[in-house]
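Everything numeric in this text was worked out from a predicted model, so none of it was measured. Reminder, nothing fancy here: chain letters follow the sequence lines and each chain counts from 1.
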Number of protein chains: 4
Amino acid sequence: MSEEGRPRRPHTGRRRNDAARQAVLDVTLDLMRSGNADVTIDAIARAAGVGRQTIYRWWPSKGAVAAEALASHARATVPVSDTGSLTADLTAFLAASFVSLRDDRTRSLLRRMMAAAQADEHVAATLADFTAARRATLRELLSRGQARGELPGGADLEMLTDMAYGVLWYRVLVGHAPLDDQAAKSLATCLVAAGAAGAR
Amino acid sequence: MSEEGRPRRPHTGRRRNDAARQAVLDVTLDLMRSGNADVTIDAIARAAGVGRQTIYRWWPSKGAVAAEALASHARATVPVSDTGSLTADLTAFLAASFVSLRDDRTRSLLRRMMAAAQADEHVAATLADFTAARRATLRELLSRGQARGELPGGADLEMLTDMAYGVLWYRVLVGHAPLDDQAAKSLATCLVAAGAAGAR
Amino acid sequence: MSEEGRPRRPHTGRRRNDAARQAVLDVTLDLMRSGNADVTIDAIARAAGVGRQTIYRWWPSKGAVAAEALASHARATVPVSDTGSLTADLTAFLAASFVSLRDDRTRSLLRRMMAAAQADEHVAATLADFTAARRATLRELLSRGQARGELPGGADLEMLTDMAYGVLWYRVLVGHAPLDDQAAKSLATCLVAAGAAGAR
Amino acid sequence: MSEEGRPRRPHTGRRRNDAARQAVLDVTLDLMRSGNADVTIDAIARAAGVGRQTIYRWWPSKGAVAAEALASHARATVPVSDTGSLTADLTAFLAASFVSLRDDRTRSLLRRMMAAAQADEHVAATLADFTAARRATLRELLSRGQARGELPGGADLEMLTDMAYGVLWYRVLVGHAPLDDQAAKSLATCLVAAGAAGAR
DNA sequence: AGTTAATCGAGACGGTACGTCAGGTCTTGGC
DNA sequence: GCCAAGACCTGACGTACCGTCTCGATTAACT
């Protein structure tokens, strides 16, 4: 029973209550991270101590909530090193990217997001931004290598980027092969060699 | 309302009615291919002219139906050419793989399947088989090139395969870049170059 | 067909919608009165323009709905005359009681209620109240006759009452004999004579 | 688990298997006597070790099964004494009739039968026969009293009979008052007095 | 003696109703 | 005007029975 007395957040009167908004986003991410049950609007509202209407007032759909939750989460980013060697930088970047995916909760979040994106345009749009930002980071890393002459001018950096994130997502979603340091190293080597061919 | 007279399939008595089973699978695929609304058990049963219980009798979940429908569909496969040139074979294989994905209905099916796999273990298992079969085909193509000496013995064929299908799925799921002949050509070139490096 | 535009009852927000409650009760009685098919929750909900959940929210079972519907209907009561003669009063009371039972719809309602009471404790409880109220009325009529000396002090009024309503229900439920004015007269005479014996 | 090996009844080839018929009727009565769950065709078939089709082959509806089961049960009848005193005979008859109703299982059976009769014409017809036979017995008892001069020639024996069984059924169905020896005695006295008035 | 025919237990089939759960809308009453 | 709360209608869920339809076996009755 635990009569908890509800310490709840303070009212903000006629202005939007940002604490409530944040609680919704936090709870949504938490629920998507937990491998467990379905993420329903009811569950979010209950866990956030929020009325269902408050969610519908500010977001057009459950997907939109998830999308904004993801967007606000996207800040956490992988540090990019600059050792002067493309292979070394790439290996480090990929290894670092893979590390966080060893956490079941992070993997659960990404898998649910990608799944949701297939049915909800809000999530799709946000996930497109999310992935675009990550691709941009990797692309810049590759660009630096290209500027240093480690990749030819004609290298198809778009394709190289998609090859890297393609492997990452493919293995996250299907789960047939691990994303360990060995994979990061092999992938980095492959990418540099592929880029050196100067296709396009 | 179009008194159609119901020509319905014949009874099979106490044995399972395979026509009903097939109707369920066909209708399920059709519904998943149609971009429209959710695929509900009710909708499948109604469209297949089947009682809901008949579905529950034979499949443990909606995902399992979708999984079997996908599996029975997986026969349609990409022809593998053998021109003597790895790059040529690879380009042809990838281009052929991409062609069917230009169809909205096929793309819709694959996206829904991958999404469903994230929440339903039956779909996940079947999709794992499905993708494994396709990887095996590509791997063999690469193996032949390796046997001909176009790839070194140490080439990480697993990684090359995942790079190819990674790009395919990533672009299908996120939709940020096309899967056209140009992409097939660039991807093939990249893969051969990557393999030539003999990583691992 | 008949695009009727749904004038439906107004929303009451977070408070219970009493119009919906009344619609459910009204429709339930109507359906039980109509000799037709089974009274299903679906049918009640549909006819009342109510969601099925709204019924389950407020009543624990179909029987409970029927019970409350009957209870709210039970107001309609038989007028008790006071002519100074027990036999005359009794004959009038019984004849009036029998009159409404000449209506197929009323008889259908009572028969369904008694049947439902055998399987549903809510209906049983309500029907017990319902019949108790009617017995009390008749008992009082007999008491007045007793006070006037038309019945001895030792008369078993309980038994007399049950004999009267026993005949009524028995004939309603089995239908082997009519409940006409002749029956009312004979029954009244029998009861007065039976009471005069002063049994117990 | 209890691998019981099913000693089941022998096949009778192309003739109707009367053992199966009897098993269905027995089981039906048993289920109706047990206060528990609903009596479904499935439950009858399962408990009788019979295929559902075997039931539908021989009876048009569940009610018809119940009806025949009741009819085959109706043999057990109340012994009629003949002491020379109408009141004594009547008291003995009613007391004996009430005794078996002290058994919950018998009461459950009668209540279910009466309830079923309200919705199923087969049960209604059989119950009408069942009750008519019992009324005839009582009527004859009253007739003997009339022949002996204990009741006037004009006594409404029909009404007296219905008053007796009316009380019995009313109390069985509503349960507001007991059917004990005291009730039998009071009822008998009332009936004799009522009959003595020579109504009609 | 071999064939035919009807019954039996079994269980899949297309349905309908059940009771529950979630979605999205609406209103109350407090701040 | 925002908020928590919660009733409302809708519609999908998975289950239980209904009444129908084979099936393969068993046996009786008719060739």
Exercise for review: Answer yes or no: does a side-chain N or O of Arg52(C) lie under 4.0 Å from OP1 or OP2 of dC9(F)?
Suggested key: no
Exercise for review: Give a yes/no on whether any side-chain N or O of Thr12(D) is located under 4.0 angstrom from OP1 or OP2 of dT7(E).
Suggested key: no
Practice item. Between Gly13(B) and Asp42(D), name the one whose nearest nucleotide on DNA chain F is closer to the 5' end. Key: Asp42(D)
Check your understanding: Any side-chain N or O of Trp58(A) under 4.0 Å from OP1/OP2 of dC2(F)?
Key -> no
Review point. Do the side chain of Asn17(B) and the main chain of Ala19(B) share a donor and acceptor less than 3.5 angstrom apart?
Key: yes
Point to revise | Arg16(D) NZ/CZ over Trp59(D) ring centroid, <6.0 Å and within 45° of normal | key: yes
Exercise for review: Using whole Å, report how far CZ of Arg9(C) lies from P of dA7(F).
Suggested key: 16 Å
Point to revise | Rounded interatomic separation in angstrom, taking CD1 from Ile41(B) and C1' from dC21(E) | key: 16 Å
Practice item. Determine, stepwise, if the pair His122(A) / Ser61(A) fulfils side-chain contact (heavy atoms from CB on, under 4.5 Å). Key: CA-CA 8 Å; His122(A) 298 100; Ser61(A) 72; 3.5 Å; yes
Review point. What's the verdict on side-chain contact (heavy atoms from CB on, under 4.5 Å) for Tyr56(A) and Ile41(A), showing C-alpha distance, side-chain angles and the deciding distance?
Key: CA-CA 9 Å; Tyr56(A) 287 113; Ile41(A) 292 265; 3.9 Å; yes
Check your understanding: When you check the phosphate oxygens OP1 and OP2 of dC9(F), does a side-chain N or O of Thr54(C) lie under 4.0 Å from one of them?
Key -> yes
Check your understanding: Where each residue is assigned the nucleotide of DNA chain F containing its nearest heavy atom, which of Arg46(B) and Asp18(C) is assigned the position nearer the 5′ end?
Key -> Asp18(C)
Practice item. Mark yes or no for a side-chain to base donor-acceptor pair under 3.5 Å between Gln53(D) and dC21(F), with no hydrogen or angle criteria applied. Key: yes
Exercise for review: Give a yes-or-no answer on whether the side chains of Asp18(B) and Gln22(B) include a donor-acceptor pair shorter than 3.5 Å.
Suggested key: no
**Study point:** Spacing of Trp59(D) atom CH2 relative to dT7(E) atom C1', expressed in whole Å
**Key:** 13 Å
Study note, to complete from the structure: 5'-most contact on DNA chain E (nearest-nucleotide basis), Ala43(A) vs His11(C), goes to Ala43(A)
Review point. Quick one: which of Val50(A), Leu25(A), Asp30(A), Val24(A) gives a side chain to side chain contact (heavy atoms under 4.5 Å, CB included) with Ile44(A)?
Key: Val24(A)
Exercise for review: Rounded off to whole Å, could you give me the OH-to-C1' distance for the Tyr56(B) and dG15(E) pair?
Suggested key: 15 Å
Review point. How many Å lie between CZ on Arg16(D) and C1' on dA5(E), as a whole number?
Key: 18 Å
Point to revise | Any Arg15(C) side-chain nitrogen or oxygen under 4.0 Å from OP1 or OP2 of dA7(F) | key: no
**Study point:** Contact summary for Ala124(B) and Ala117(B), nearest pair of heavy atoms
**Key:** CB-O, 3.5 Å
Check your understanding: Per the atom types in the model, does the base of dG29(E) pair as donor or acceptor with the side chain of Arg14(C) at under 3.5 Å?
Key -> no
Check your understanding: dG9(E), dA12(E), dC18(E): which one has an atom nearest the side-chain heavy atoms of Val50(D)?
Key -> dG9(E)
Practice item. Round to a whole Å and report the spacing from CD1 of Ile44(D) to P of dC17(F). Key: 12 Å
Revision key, fill the gap. When the rotation axes relating C1' atoms of four end pairs to the next four are compared across the helix from dA1(E)-dT31(F) to dC31(E)-dG1(F), five pairs an end, they differ to 10° by 20°
Review point. Rounded to the Å, how far apart are Asn17(B) CG and dT20(F) P?
Key: 19 Å
Review point. Do Thr126(B) and Glu68(B) have side-chain heavy atoms sitting under 4.5 Å apart?
Key: no
Exercise for review: Find the distance Ile55(B):CD1 to dG15(E):C1' and express it as a whole number of Å.
Suggested key: 13 Å
